[in-house]
Every structure is written in structure tokens, then in C-alpha cells.
Amino acid sequence: MNLSFTRTMRVSRLMLVTLREVPADAEISSHKLLLRGGYIRRVTSGIYAYLPLMWRVLKKIIAIVQEEMDSTGALETLLPQLQPSELWEKSGRWQGYTEGEGIMFNLKDRQKRRLGLGPTHEEVITSLAGEMLRSYRQLPITLYQTQTKFRDEIRPRFGLMRSREFIMKDAYSFHSNEKSLKKTYEVMDEAYKRIFKRCGLNVLPVDADSGAIGGVASQEFMVTAEAGEDLILTSEDSSYAANQEKAVSIPKEAIPLVNPRESIIKTNFSGKIEDLCLSLELDPSQIIKVILMLAIIEEEKPQPILISLRGDQQLNEVKLFNTITSVLKTRIIEISPITPENINLECLPPLPFGSIGPDLSDEILAGAKTWSTKFLRVADYTATNLESFVCGANEIHRHKVCANWESIGNKPQAFDIRKAQAGDKCIHNKNQKLLAKRGIEVGHIFQLGRKYSEALGTNFTNESGALEAFWMGCYGIGVSRLAQAAVEQNHDEAGICWPSNIAPFEAIVVIANMKDSNQLDLGEKLYQVLKDNKVDALLDDRQERAGVKFKDADLIGIPIRIVVGRDAKEGNVEFWDRSSRTSKLINENSVVSEVISVIGRD
RNA sequence: CGGGAUGUAGCGCAGCUUGGUAGCGCACUUCGUUCGGGACGAAGGGGCCGCAGGUUCGAAUCCUGUCAUCCCGACCA
């Protein structure tokens with residue numbers, strides 16, 4: 001990748017094609033602006049061409065990332081995009097990544113060998129490290145690359161935000177012990193904060209689930225923006241921040257149930273908790289709701305799961321997935337709701353959906369064709385902590401009032417599988433409440449531990465001469481996503497307002513009237529002076545009316561605009577700051593110093 | 001994959017209900033006027049109406065199939 005820059009460019013030669021109208025398939029501001037500004041073009045679903053302006057932005061981001069990675073002592077490499085299935089079979093991820101909702105593009109070569117188009121590089125790097133790194137003396141090592149990644153997203157959208165082909169910086173560290181891993185993790189955390197700061201982004205680090213990658217600790221870096229796909233919960237004092245997938249909180253107190261007698265009552269239940277509450281004058285926290293899910297497990301029968309939740313709580317499917325994985329100690333491909341349709345396909349009797357209780361008998365699974373015939377029963381703590389509750393009676397339109405766990409059989413095993421909600425009290429401080437924000441994930445750092453090194457059988461010789469699996473960390477930054485997130489966070493009605501460190505050009509000289517020789521000469525002169533002073537400058541030398549040039553400059557978001565216009569004769573020009581939309585008249589002699597003082601140099 | 005929608009010029013859209021030789025705005029080309037916030041006038045160029053079948057004397061329009069794209073959910077840098 002050639003990271004050298006042409007410092008200057010004439011707009012007449014830039015292939016600048018801006019759109020006045022918004023393409024119909026763009027939804028969020030950043031996507032619209034990148035299309036309108038001539039930064040990107042869609043080639044097919046989730047796949048974009050980075051046009052010259054965009055490529056300059058990406059190269060600037062990549063350069064910042066490289067500088068900061070290099071400063072931590074990480075080594076840059078470039079790994080293959082085509083990867084053999086064997087490596088992924090060894091790590092146990094081939095099936096999960098290619099079948100079901102798997103996201104790895106995969107193909108067969110002419111020898112009928114299976115290959116995958118890399119969505120990530122843990123397998124390749126770990127096996128390489130196993131070959132290269134034989135002794136603890138060589139450790140720790142961090143390797144990184146900036147690469148195009150491929151993920152066959154279930155639903156590509158929002159331009160570069162969720163695309164099927166994207167640029168990512170990924171780094172992997174190898175250690176002889178956990179302490180060294182934790183140290184590098186901290187170093188990366190700091191480097192990431194510097195990277196995002198230099199890119200001019202407001203980024204919030206949050207606790208995260210480590211998801212498909214696996215591992216112990218992980219942290220995501222979120223660009224806060226309304227258009228973000230993730231829900232983030234933070235405490236009011238900002239001392240706690242987590243992705244909702246991971247967030248923990250103190251649930252609201254349940255309202256005790258007063259009716260003393262246990263009985264079964266007839267309910268005309270629509271299936272909604274609110275309706276049940278209305279008709280029985282209950283609070284949702286007095287109800288136990290039951291959700292049936294099915295876990296598809298690698299090389300085993302699908303496992304039905306019966307989940308009990310307090311009526312006012314929501315199931316956190318990520319926590320559920322992790323819980324079920326640890327309970328069953330197997331690899332789960334996916335967990336999805338049990339529906340009347342798949343009950344039917346299993347040749348099972350219809351279930352009383354809406355009136356299912358935690359004590360639904362395993363007998364109903366007896367005739368299952370392919371499923372396991374016993375429920376795995378789990379509950380959230382909020383459910384098992386209830387003394388007395390209302391729940392389904394396992395018969396249509398029948399509910400049990402004032403049931404308790406003893407009367408309906410034993411308590412299921414309890415876990416934290418509920419969603420923390422905005423408004424909940426924080427664990428670290430009961431006086432703090434959780435606030436909800438939306439965020440775009442631009443970076444993610446993980447302490448992987450020994451998951452991949454053990455799976456792939458890669459090890460080194462430790463101080464005592466014994467073989468040991470590496471401790472590993474991995475660290476990603478979505479470079480192309482970051483560029484778009486920067487736009488999402490820095491724009492106005494008129495267009496993009498690039499942070500100057502990642503703007504395609506730092507300044508644009510606009511000649512208001514190309515037919516005025518004073519303006520033309522001064523414009524050319526200032527352009528040359530900026531170039532000589534190592535400013536990335538554009539010269540708008542098009543035979544267009546001034547208004548068109550101003551609109552375009554605002555749209556493409558160049559941080560500083562120098563307008564050479566009617567005051568050119570006197571050697572005065574307009575200095576316009578894009579983000580504040582303010583201008584002042586300055587003399588040609590102070591242009592360079594003004595520009596440099598605004599863009600800064602780091 | 002489930003639910004909803006749309007495919008007509010580079011972009012944004014109308015036309016389809018009620019079949020009759022394809023239209024508007026922007027963009028593009030030429031000329032003239034204009035010239036500091038997406039100018040005006042005149043003249044042009046550009047389309048197998050997503051694709052394939054069918055109905056019909058005749059299909060952008062009706063029918064069937066198919067492909068693609070977008071929106072809502074699961075996925076993630």
C-alpha cells in the first residue's frame with residue numbers, strides 16, 4: 001500500500017462528481033454525504049469503490065494507525081486473504097463461520113480444496129507464530145496488518161458502516177504468560193485512545209462481550225452517534241460504560257404479590273404481559289414469563305431450552321448464549337426461538353404458548369424426532385428471587401396465581417441473563433443510574449487467552465523447558481468504518497466537516513472568478529505557497545460560478561477555505577473555517593501562518 | 001432466512017388503475033447572457049422501461065416466473 005501523498009491537486013483534475021440529490025438507497029447522514037461528495041460508489045450490495053478523495057482519507061487514517069502501532073513496538077505484516085479450511089477446522093470455527101448464519105465467504109479451488117476469504121486472521125497468525133516463535137525469549141511479540149476483510153454480512157447497510165468488504169487494522173499479540181498479555185492489552189488500550197483522538201473522534205471505551213472471537217476480557221471503542229447500531233449503557237458519572245450485550249445492573253425491586261392463596265385462574269391472554277397485568281391488576285414484576293428457545297449444537301441433538309424471566313425483564317440473548325455454552329460445555333451454532341411451526345415439524349403436540357409455566361413437563365418433548373427430549377431449564381436471578389408469582393399453568397388461558405418455586409417443583413439454575421436497562425441502578429454505585437446512548441463500534445480489543453493457541457496446538461518452550469500454549473490478545477480497528485463514523489460525528493446541513501488530520505485535503509483555495517486575472521494569479525500563488533509549506537491544498541480552478549464552488553467545498557468538507565475574490569487586487573482573501581462556518585478577511589501574507597495554526601501539526 | 005417495499009436516461013422521480021410508438025427535474029454537450037452561496041435563455045445527446053416467458057393486432061402498463069436493490073429483525077471492525 002503506497003502511503004505517499006500528492007500534496008496538491010486541482011479540482012478541475014480531481015474527477016470530482018458531486019450530487020445535488022440524495023441517492024435513494026442511503027439512510028444515514030454519513031452515507032448520504034459520502035455518496036453526494038463523490039467519496040464512494042456502491043459496486044454491489046455492501047461493496048464500495050473508494051474514490052480518490054476517500055482513498056486519501058483512508059490513507060491518512062492508516063498512517064495514523066501505523067504510527068501509533070509502530071510506537072508500541074508492534075510489527076507490520078501482510079497476511080493472505082485466502083485461507084485454507086484446515087486451519088479453521090483446527091480452531092473449530094470452520095463450521096460456525098460457513099454454515100448457518102456464518103459470515104465467511106468460502107469457495108473451492110480447482111483441486112476441490114476448500115478455502116475461505118478471511119473475515120479475520122487469528123488462525124493464520126496463530127499458526128505462523130507457532131512456527132516462528134519457539135522460545136519464551138522471543139516473546140512478547142505483536143504483529144499487525146491493514147487489510148481488506150471479507151464478511152458476508154446478513155444485512156449489509158449504511159454504506160461503509162456494515163459492508164461486506166472493508167478495511168481493517170488487526171493486531172495479534174503473543175505472550176509467555178497472562179501478566180504480559182495484560183500489559184500489552186493496556187498498551188493497546190492507550191494506543192487506541194491516541195489513535196481515535198488524533199482522528200478527531202469522540203470515542204467511548206465500553207466493556208464488551210467478546211462474541212464469536214472468544215476470550216476473557218474485551219473492550220469496544222464506540223463513536224457515539226445517533227445512527228449507531230449498538231446500545232451503550234453508561235453511568236451518570238461515566239465511571240461505568242458497557243455495551244448492552246454485556247452490561248450489568250441492579251434490577252428494580254419486584255412489587256410483592258399480596259394475594260395469599262394459590263389458585264388457577266382463567267385468563268383471556270393475548271400473549272402480552274401488559275394485557276395480563278391489566279386484566280389481573282398486576283405489576284409485570286409479579287409475573288414469571290417463559291421463553292422457549294432451541295440451541296443448535298455442533299454434532300449433537302438440538303437442545304430445547306426453557307427460560308424463566310421476571311415479567312418486567314428482557315432476555316439478553318448474548319448472555320444467554322454464553323450461559324448455555326458454559327452449562328453445556330459445547331460449541332453452540334445458534335440459539336433461536338421455538339415456534340409453533342418447528343414444534344409441528346418435530347411432530348410434537350401443540351404448546352400452550354402464552355400460558356407456559358416454568359414447570360412445563362419434559363413429557364411434551366417425548367415424541368421429538370431430532371431434538372433432545374429434556375428441557376435445559378435456566379432462569380434469571382430476578383425470577384428465582386421471587387417468593388410468590390403468577391405464571392402460566394401450561395394450559396391455554398390458564399394462569400397460576402400465587403405460585404412459588406416449591407409448589408411448582410424446584411428452582412431452575414439461576415444466571416444473569418437479563419438485559420440491563422436505562423434507568424437501572426449501577427452495580428458500582430447504587431446512587432447512579434444507567435443512561436442509554438447509541439454508538440458505532442470502531443475498535444475492539446480482546447484478551448484471547450489460550451483459546452486459539454490451544455486449539456491450533458501452537459506452543460513455545462518456557463523458562464523451565466516445558467511446552468506451553470501462547471497467551472494471546474487481538475486488537476482491531478475498522479478503518480473504513482472509522483472514516484464514515486467520523487463523518488457521522490462531524491457534519492452539518494451543508495456537508496462534511498472533516499477533522500483536519502484525516503481530511504483528504506487540509507485547505508482549498510477557491511478562485512471566485514476565473515476570468516479575473518488578479519484573482520487567478522493570486523489564487524495560483526497562494527496554492528503554490530501552501531504547497532511549499534507542506535499543506536495538503538486543493539485549488540478550485542474550475543470555470544464555475546463561485547456559488548457552485550462554495551457549495552462543493554462545504555459538501556466535501558475541506559477544513560479551511562481560502563477564497564480569492566473581489567479583494568484580490570488589495571491582496572486580501574477570505575479565510576473560512578468549515579466547522580464553525582465563520583470567516584474573516586486576511587492578507588495574503590498571513591495565509592500560511594493562519595492555515596498552519598488552525599490545522600495544527602502533530 | 002422471516003416480514004415490508006421498489007426496479008423507467010448517470011442521479012431523483014412521474015407514467016401503470018383505464019394497454020396505442022416513453023416523459024419531467026438535476027447532470028451532460030454547444031451558443032449567448034450572467035459571474036461571491038448549487039444562474040438564465042436557446043438548441044442538442046442519452047432509455048431493449050431489471051430479465052425471461054405468456055395474454056393481445058399492439059405491453060413500461062395485464063398475468064406467471066426469475067433476478068437485483070432497499071427498509072425492519074438475527075450478525076459485526
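Both backbone and side-chain heavy atoms feed into the values below; hydrogens, waters and symmetry mates do not. Per chain, numbering begins at 1; letters A, B, ... match sequence-line order.
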Checklist entry - In whole Å, what separates the C1' atom of B/rG50 from that of B/rU69? => result 10 Å

Checklist entry - Where do A/I477 and A/L482 land on the side chain to side chain contact (heavy atoms under 4.5 Å, CB included) test, with the steps shown first? => result CA-CA 8 Å; A/I477 290 179; A/L482 186 155; 3.9 Å; yes

Checklist entry - Between A/M293 (CE) and B/rA74 (C1'), how many Å, whole number? => result 10 Å

Checklist entry - Rounded to the Å, how far apart are A/R151 CZ and B/rA74 P? => result 17 Å

Next on the checklist: At 4.0 Å (heavy atoms only), tell me whether A/S163 reaches a base, stays on the sugar-phosphate, or touches nothing.
Outcome noted: base

Next on the checklist: Show the nearest heavy-atom pair for residues A/M514 and A/K549, with the distance to one decimal.
Outcome noted: CG-NZ, 3.6 Å

Checklist entry - Okay, side chain of A/Q145, backbone of A/L79: is any donor-acceptor separation there less than 3.5 Å? => result yes

Checklist entry - Across the strands shown, which category fits A/E229 at heavy-atom distances under 4.0 angstrom: base, sugar-phosphate, nothing? => result base

Next on the checklist: Applying a 4.0 Å non-hydrogen cut-off, can you work out what A/R42 is touching in the nucleic acid: base, sugar-phosphate, or nothing?
Outcome noted: sugar-phosphate

Checklist entry - So what's B/rC31 paired with, Watson-Crick or G-U wobble, going by both distances under 3.5 Å? => result B/rG41

Checklist entry - Taking for each residue the nucleotide of RNA chain B bearing the nearest heavy atom, is the 5' side occupied by A/V442 or by A/P23? => result A/P23

Checklist outcome for this item: Contacts of A/F221 meeting ring pair (Phe, Tyr, Trp, His ring centres under 6.0 Å) (sequence neighbours excluded), chain-then-number -> A/Y192, A/F196

Item to check | Watson-Crick or G-U wobble mate for B/rC48, both contacts under 3.5 Å | outcome: none

Next on the checklist: Roughly how many Å apart are B/rC51 and B/rC67, using the P atom of each and rounding to a whole number?
Outcome noted: 15 Å

Checklist entry - Distance between the P atoms of B/rA74 and B/rU61, in whole angstroms? => result 38 Å

Next on the checklist: Would the distance check show the side chain of A/R481 and the main-chain N or O of A/E441 forming a donor-acceptor pair, the cut-off being under 3.5 Å?
Outcome noted: yes

Checklist outcome for this item: Answer for the Watson-Crick or wobble partner of B/rA59, both distances under 3.5 Å, is none

Item to check | Check: A/P504 main-chain N/O paired with A/R56 side-chain donor or acceptor under 3.5 Å | outcome: yes

Next on the checklist: Please find the pair of heavy atoms, one from A/G571 and one from A/L522, that lie closest to each other, and give the distance.
Outcome noted: CA-CD2, 4.2 Å

Checklist entry - Atom CE of A/M15 and atom P of B/rG10: how far apart are they, to the nearest Å? => result 17 Å

Checklist entry - Considering every strand shown, what is the Watson-Crick or G-U wobble mate of B/rC24 when both distances are under 3.5 Å? => result B/rG12

Checklist entry - Expressed in whole Å, how much space separates the P atoms belonging to B/rA60 and B/rG23? => result 13 Å

Next on the checklist: Tell me if the aromatic rings of A/Y39 and A/W498 count as close, with their centers under 6.0 Å from one another.
Outcome noted: yes

Checklist entry - Can any side-chain N or O of A/D189 pair as donor or acceptor with the backbone N or O of A/Y185 at less than 3.5 Å? => result no

Checklist entry - Between B/rG73, B/rC76, B/rU69, which nucleotide gets closest to the side-chain atoms of A/R155? => result B/rG73

Checklist entry - A/I154 near the nucleic acid: base, sugar-phosphate alone, or nothing, with a heavy-atom cut-off under 4.0 Å? => result base

Checklist entry - When the distance from CG of A/L231 to P of B/rG73 is rounded to whole Å, what number comes out? => result 13 Å

Item to check | Side chain A/R162 and base B/rC76 donor-acceptor under 3.5 Å | outcome: yes

Checklist outcome for this item: Any strand, both distances under 3.5 Å, Watson-Crick or G-U wobble: B/rU18 pairs with none

Checklist entry - Does B/rU69 have a Watson-Crick or wobble mate here (both distances under 3.5 Å), and if so which one? => result B/rA5

Next on the checklist: I need the CG-P distance between A/N243 and B/rA77, as an integer number of Å.
Outcome noted: 11 Å

If you restrict it to nitrogen or oxygen atoms, what contacts under 3.5 Å exist between nucleotides 50-52 of chain B and the protein, and what is each distance?
none

Next on the checklist: If I pick the C1' atom on B/rU64 and the same atom on B/rU55, what distance separates them, to the nearest angstrom?
Outcome noted: 11 Å

Checklist entry - Between A/I335 (CD1) and B/rA74 (P), how many Å, whole number? => result 15 Å

Checklist entry - side-chain hydrogen bond (donor to acceptor under 3.5 Å, both in side chains) between A/D540 and A/Y527: does it pass, once the steps are laid out? => result CA-CA 10 Å; A/D540 197 342; A/Y527 174 59; over 6 Å; no

Checklist entry - Nearest nucleotide by nearest heavy atom, which residue falls closer to the 5' end of RNA chain B, A/E317 or A/L160? => result A/E317

Next on the checklist: Using a 4.0 Å heavy-atom cut-off to protein, can you give one letter per nucleotide of nucleotides 30-41 of chain B, 5' to 3': B if the base is in contact, S if only the sugar-phosphate is, - if neither?
Outcome noted: ----BBBBBB--

Checklist entry - Between A/E122 and A/T120, do the side chains contain an N or O donor and an N or O acceptor separated by less than 3.5 Å? => result yes

Checklist entry - Under 3.5 Å, side chain of A/D554 to main-chain N/O of A/I556, donor-acceptor pair present? => result no

Item to check | Euclidean distance for C1', B/rG38 against B/rU21 (whole angstrom) | outcome: 37 Å

Item to check | Separation of the P atoms in B/rA9 and B/rC24, to the nearest angstrom | outcome: 14 Å

Next on the checklist: Could you tell me how far apart A/K32 (NZ) and B/rC71 (P) are, to the nearest whole angstrom?
Outcome noted: 11 Å

Checklist entry - How many Å lie between CG on A/L16 and P on B/rC28, as a whole number? => result 12 Å

Checklist entry - Quantified in whole Å, what is the P atom distance between nucleotide B/rA52 and nucleotide B/rC48? => result 12 Å

Checklist entry - What nucleotide, of B/rC72, B/rC70, B/rG10, holds the atom closest to the side chain of A/F158? => result B/rC72

Checklist entry - Applying a 3.5 Å limit to both distances, which nucleotide forms a Watson-Crick or G-U wobble pair with B/rG36? => result none

Checklist entry - Quick one: is B/rA68 close enough that its OP1 or OP2 comes under 4.0 Å of any side-chain N or O from A/S45? => result no

